[in-house]
Amino acid sequence: MPKPADRWRRALRLAARLAILPALAAAYYRGTAPGQIGDFVIIIPGIVVLAGLLAVLACAAWWRRLLAALLFAALGLHAWQLGADEHTRAFNECVDRGETVRQALADYRAAHGRYPAELAQAMPEIPCRPRFANSLLDYTASANTYTLYFGDALVSHRATESSEFDAHK
């Protein structure tokens, strides 16, 4: 029969292994949404660090702990960077294709006499979308008006049916 300490160590290893993928996914997601979670910037990376610490504690030898810590830190930073790159790509796509969206909305209104309730009705492929996340482009509409918005922690862009996108700090 295993000793209680061995059972505890096995349970800790299992918890660490189960926490690694969600923690990396959280790091990736946090990278795709800079400035959108507000003051909770530390929480999601904190989950990554906590899962990494669990993985480090689960290893017996000191060199394994060090190797696990370095590997997990590298994986977490890489996931974060991939998410940040994806957000940047989507944000730049909003800047590049924002007027295309406005034109599609104008075409929809000309054909139907009103603006669509959802952006997908005017454009089958909505731009500004990071992988595994919703589009950065926020759309609200009534029968005769609409507002398009996208932004991050530094700058926001807004357009309406009567005005092109303009940037605000």
Side-chain angles (χ1 to χ4, degrees), residues 15-55 71-169:
R17 288 178 186 147
L18 293 175
I20 286 174
L21 286 178
L24 291 176
Y28 175 85
Y29 176 74
R30 182 63 196 119
T32 63
Q36 295 182 3
I37 298 180
D39 294 331
F40 298 108
V41 170
I42 293 300
I43 291 176
I44 293 178
I47 293 169
V48 173
V49 169
L50 181 62
L53 288 175
L54 285 173
L71 179 64
F72 194 79
L75 285 172
L77 288 173
H78 184 65
W80 186 297
Q81 186 60 47
L82 286 174
D85 290 347
E86 189 62 24
H87 178 270
T88 300
R89 183 205 55 78
F91 189 89
N92 289 340
E93 187 179 21
C94 281
V95 172
D96 293 341
R97 296 189 54 203
E99 290 304 313
T100 306
V101 175
R102 288 187 70 237
Q103 185 59 49
L105 290 169
D107 294 345
Y108 185 94
R109 183 166 190 222
H112 298 91
R114 60 178 173 76
Y115 290 109
E118 295 180 14
L119 196 54
Q121 294 171 317
M123 294 189 80
E125 179 115 3
I126 300 172
C128 316
R129 184 173 181 173
R131 282 185 212 112
F132 312 118
N134 293 328
S135 177
L136 301 179
L137 197 56
D138 184 37
Y139 170 72
T140 55
S142 66
N144 298 320
T145 64
Y146 70 83
T147 302
L148 289 169
Y149 170 85
F150 67 95
D152 59 14
L154 300 176
V155 65
S156 62
H157 298 263
R158 184 176 178 272
T160 64
E161 71 288 342
S162 60
S163 65
E164 296 180 355
F165 277 99
D166 56 347
H168 301 279
K169 287 192 175 199

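None of these values were measured; they are calculated from a predicted model.
Here the CD atom belonging to Gln103 is positioned 13.0 Å from the CZ atom belonging to Arg97, to the nearest 0.5 angstrom. To the nearest 0.5 Å, the span separating CD on Glu93 from CG on Leu137 amounts to 10.0 Å. Atom OG of Ser156 sits about 4.5 Å away from atom OH of Tyr149, to the nearest 0.5 Å. With values rounded to the nearest 0.5 angstrom, Thr160 atom OG1 is found 9.0 Å from Leu148 atom CG.
The shortest distance between side-chain heavy atoms of Leu154 and Lys169 does not fall below 4.5 Å. By the 4.5 Å heavy-atom criterion applied to side chains, Thr100 and Pro127 are not counted as neighbours. Side-chain contact check for Leu105 versus Met123: every heavy-atom pair is 4.5 Å or farther apart. With a 4.5 Å cut-off on side-chain heavy atoms, Phe91 and Val155 count as touching. A 4.5 Å side-chain heavy-atom check between Val95 and Phe165 finds every atom pair outside the cut-off.
The environment of Glu164 atom CD is sparse: at most 12 non-hydrogen atoms of other residues, nucleotides or ligands sit within 6.0 angstrom.
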Worksheet item: Step by step, would you call Val101 with Tyr146 a side-chain contact (heavy atoms from CB on, under 4.5 Å)?
Response: CA-CA 12 Å; Val101 175; Tyr146 70 83; over 6 Å; no
Worksheet entry | Residue pair Thr147, Tyr139: steps toward the side-chain contact (heavy atoms from CB on, under 4.5 Å) verdict | CA-CA 6 Å; Thr147 302; Tyr139 170 72; over 6 Å; no
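Sorted by first and then second residue, the salt bridge (Lys or Arg N to Asp or Glu O under 4.0 Å) pairs with a member in residues 99-116 read Glu99-Arg102; sequence neighbours excluded. The list of disulfide bond (SG atoms under 2.5 Å apart) pairs with a residue in residues 76-108, not counting sequence neighbours, reads Cys94-Cys128.
Between Asp166 and His168, the side chains place a donor N or O and an acceptor N or O closer than 3.5 Å (distance only, hydrogens not considered).
Side-chain rings of Tyr108 and Tyr115 stay apart, their centers remaining 6.0 Å or farther from each other.
Applying the side-chain hydrogen bond (donor to acceptor under 3.5 Å, both in side chains) criterion to Asn92, with sequence neighbours excluded, gives no partner residue.
At distances below 3.5 Å, not a single donor-acceptor pair connects side-chain atoms of Glu161 with backbone N or O atoms of Thr145.
The shortest heavy-atom contact between Ala122 and Pro116 is CB-CG, 3.8 Å.
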